[in-house]
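Below you'll find the structure, written out as structure tokens, and then a few comments.
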Amino acid sequence: MEQKKSAFSRRTFVELLGVSAASFGLVSLAGCSGGGEGGSTGGGSGEGGAADSITYSLTADPRAIDPAFFDDGESAVVSCNIYEGLYCFAEKDATVEPCLATDLPEISDDGLVYTIKLREGVKFHDGAEFNAEAVKKSIERQLEPNRTSDMPYASFVFGEEAVGNGVASVEAVDATTVQITLRAASTPFLKNLAMALASPIVSPTAADAATPGQPIQEPSGTGPYKFVDWTKGASVTLVANDEYWGDAPAIKNLVFKIIAEGNTRLTALMNGECDIISSVDSASADQVTSNGFELFSEDGMTVNYMAFNTETGLCADQEVRKAIAQAINVEEMVTSIYGEYATVANSVMPTWMAPYTADVKQTSYDPEAAKKTLADKGVTSLTCITYTTARPYNQKGGSDLARMIQGYLAEVGVDVSITEYDWTTYKTKVQTDPYDICFYGWTGDNGDPDNFMNLLADTNWSMNVAHWQDEEYIDLIAQGLATPDGDERDAIYLKCEEMVAEKQPWLLISHSKNLLGVSPKVKNFYYHPTGVVFFKRVSKEA
């Protein structure tokens, strides 16, 4: 399997991200995640020398296996093979295709009402019928007042009444027709419905069986794989859904092995314990290929950043944030830590994604100016929390970043205390513990600029770790949602970029390449730009 570097231009990517009406006519019972032929399942080596299991490494435990209750890549990689949405993305880009829906939605002239026809004869893994009532229930549990603070994507995907956006109501017109009414027109809404987070449809029986306000414990979707077991800290096991409505999965057993440490993941690949390892450290890339394995390396739809706590503490002062940014040589830091496997971030959005422009002026490195401002402000110490676990947007984890920034700030008279956590713990600590600065990142979910820029307008602090709320910015985000794709919409998000650079809620660091190690026995593997892997067509030679 030869992995080729993508050569994206802005125009190419915009074309790929568009909802392709032509593609809908070509989609049949092949199901989600694009073209390609499925293989037979079978056990052992089987006929034709096919293996019956694939093992994929995760860097941390999933937060949940319930689309309403997670915002992390580990959960999404597992769950996207269990659950499906009304729409899905194509195999290698963010073109929207029908999945549990049969066609493009019919959208009213004012952009508020989406009428969606559903597939017939589809069942959830637990035997429940897939129909309009199931869709209604799946969405409504994430709408106000049903949603809880533990549903991190609910407001991001389905909006908020107080803001005047998102879903106002869901109606089951008949068994195979759903009507979704929005409070305001939303250009990215159809793309949101194809995402692996929040939007996939869960079994109504499984949802009813869950403890109120808690994730589903017996996951049940309509997807190509069924949930078998989750041993916390060790593995998640799935098995092919023999009654899947589309083409049968090519592999029988799918195992997600949790391996936090990078060298341990590499060893697991080398000795055959894993067929695919995620988040390969850039320093180990040559080791992967020199040992006969394949390195998947493509530009990611990611951003890696340091967030300031703009709500409380020293960094609530914009001048302090600017001065801290002046103290840090971002270009030197990115080159030192990531080498050729990341680029300096001049934009919240990746360089190949509209409306990216290199003209946004980020804070320049100026340690002397930083030293003076921080001294005048009386800033002598800062608290920092970070994560140790590799992430898709930062294969090194946050420790190296924290220590380099600690060094830069020491040179301007500021002592930085660092507290480190594994990723699973960090996801809680970043919501509960005090900090002046923290490290985070983002993998785009749908290829729309709103998916990146809206983070800093979100009122859920698990999404908006800078705790930044700016009325002018929030108004721009609302305008961007309501404006059709094109130059006018691009100009709105460019203003958003300029505000982020000026107000400095984040220090932008880098855009990464997605790096994974893959056994040459694995065929048809592709790491999707949205940070998930659709395994239905992936096979393995014995």
Side-chain angles (χ1 to χ4, degrees), residues 62-76 78-80 82-87 114 116 134-171 178 180-184 186-204 206-208 210-217 219 221 427-428 430-432 440 442-446 448 450-465 467-469 474 477-478 481 530-532:
R63 294 192 72 202
I65 308 180
D66 179 340
F69 284 86
F70 62 74
D71 59 356
D72 61 305
E74 287 79 10
S75 299
V78 175
S79 293
C80 74
I82 299 172
Y83 300 98
E84 296 172 313
L86 299 174
Y87 299 95
Y114 286 60
I116 301 170
V135 174
K136 175 180 167 71
K137 186 178 188 69
S138 190
I139 294 175
E140 284 187 339
R141 70 186 188 127
Q142 294 183 76
L143 302 184
E144 298 152 309
N146 301 324
R147 75 172 56 143
T148 72
S149 60
D150 292 327
M151 295 178 174
Y153 260 65
S155 60
F156 203 63
V157 173
F158 299 114
E160 298 179 78
E161 186 175 356
V163 181
N165 63 16
V167 175
S169 64
V170 184
E171 179 185 354
V178 170
I180 300 174
T181 301
L182 305 184
R183 297 186 184 95
S186 174
T187 296
F189 183 66
L190 182 56
K191 294 176 186 175
N192 287 350
L193 290 180
M195 288 173 12
L197 303 94
S199 296
I201 308 302
V202 305
S203 160
D208 285 339
T211 302
Q214 297 297 314
I216 291 169
Q217 295 301 308
K427 288 291 290 182
T428 300
V430 81
Q431 296 181 65
T432 61
Y440 230 63
W442 188 253
T443 299
D445 302 300
N446 64 11
D448 192 274
D450 173 76
N451 189 252
F452 280 83
M453 306 311 300
N454 206 336
L455 285 168
L456 283 161
D458 206 297
T459 58
N460 187 324
W461 295 156
S462 70
M463 304 288 279
N464 183 0
V465 295
H467 299 193
W468 192 53
Q469 292 289 277
I474 291 169
I477 292 297
L481 283 171
T530 58
V532 298

Checklist line | Sidechain-backbone polar pair: N146 side chain, E140 backbone, donor-acceptor under 3.5 Å | finding: yes
Checklist line | Contact summary for A168 and R183, nearest pair of heavy atoms | finding: CB-CG, 3.7 Å
Checklist line | Side-chain donor/acceptor of Y440 to backbone N/O of N464, under 3.5 Å | finding: no
Next item on the list: Test side-chain contact (heavy atoms from CB on, under 4.5 Å) on N192 and F156 and set out the steps.
Entry: CA-CA 9 Å; N192 287 350; F156 203 63; over 6 Å; no
Notebook entry, point to check: Taking all atoms of both residues into account, what is the closest heavy-atom pair of I201 and Y83, and its distance?
Noted result: O-CD2, 3.7 Å
Checklist line | Donor-acceptor under 3.5 Å (E74 side chain, A64 main chain) | finding: no
Check: Got more than 12 heavy atoms from elsewhere within 6.0 Å of CD, E161?
Finding: no
Next item on the list: Measure the shortest side-chain to side-chain distance between V163 and T459 over non-hydrogen atoms and say whether it is less than 4.5 angstrom.
Entry: no
Notebook entry, point to check: Are the side chain of E84 and the backbone of I82 linked by a donor-acceptor contact shorter than 3.5 Å?
Noted result: no
Item checked: Atom of L197, atom of V157 and distance for their closest heavy-atom approach -> O-CG2, 4.2 Å
Margin query: So does A206 get a backbone contact from the side chain of S203, meaning a donor-acceptor N/O pair under 3.5 Å?
Written below: yes
Note to self: Testing the basics here: between W461 and W468, what is the closest heavy-atom pair and its distance to 0.1 Å?
What the structure shows: CZ3-N, 4.4 Å
Check: With D66, which residues qualify under salt bridge (Lys or Arg N to Asp or Glu O under 4.0 Å), at least two apart?
Finding: R141
Next item on the list: Check whether any side-chain heavy atom of S462 lies under 4.5 Å from a side-chain heavy atom of V430, and answer yes or no.
Entry: no
Margin query: side-chain contact (heavy atoms from CB on, under 4.5 Å), that's the test. Do V167 and Q142 meet it? Break it down for me.
Written below: CA-CA 10 Å; V167 175; Q142 294 183 76; over 6 Å; no
Notebook entry, point to check: Step by step, would you call T187 with D450 a side-chain contact (heavy atoms from CB on, under 4.5 Å)?
Noted result: CA-CA 9 Å; T187 296; D450 173 76; over 6 Å; no
Check: With a 4.5 Å limit on heavy-atom distance, are the side chains of S155 and D458 in contact?
Finding: yes
Note to self: Do K136 and V178 have side chains that approach each other closer than 4.5 Å (heavy atoms only, starting at C-beta)?
What the structure shows: no
Item checked: Heavy-atom pair with the smallest gap, counting every atom of V532 and A76 -> CG1-CB, 3.7 Å
Next item on the list: Spell out, as yes or no, whether a donor-acceptor pair under 3.5 Å connects the side chain of S138 to the backbone of V202.
Entry: yes
Next item on the list: Check for a donor-acceptor pair, side chain of S199 on one end and backbone N or O of A194 on the other, with a separation under 3.5 Å.
Entry: no
Next item on the list: Would you mind reporting whether N451 and K191 have side-chain heavy atoms less than 4.5 Å apart?
Entry: no
Note to self: With side-chain contact (heavy atoms from CB on, under 4.5 Å) as the criterion, how do Y153 and D445 come out once you've worked through the C-alpha distance, each side chain's angles and the decisive distance to 0.1 Å?
What the structure shows: CA-CA 11 Å; Y153 260 65; D445 302 300; 2.6 Å; yes
Checklist line | Shortest non-hydrogen contact from P62 toward D72 | finding: CA-OD2, 3.9 Å
Notebook entry, point to check: Mind checking what makes ring-ring contact (aromatic ring centres under 6.0 Å, His included) contact with F189, not counting sequence neighbours?
Noted result: Y114
Next item on the list: Go through the side-chain N and O atoms of D150 and T148 and say whether any donor and acceptor fall under 3.5 Å apart.
Entry: no
Checklist line | Validation row: Q217, P215 side chains within 4.5 angstrom (heavy atoms) | finding: yes
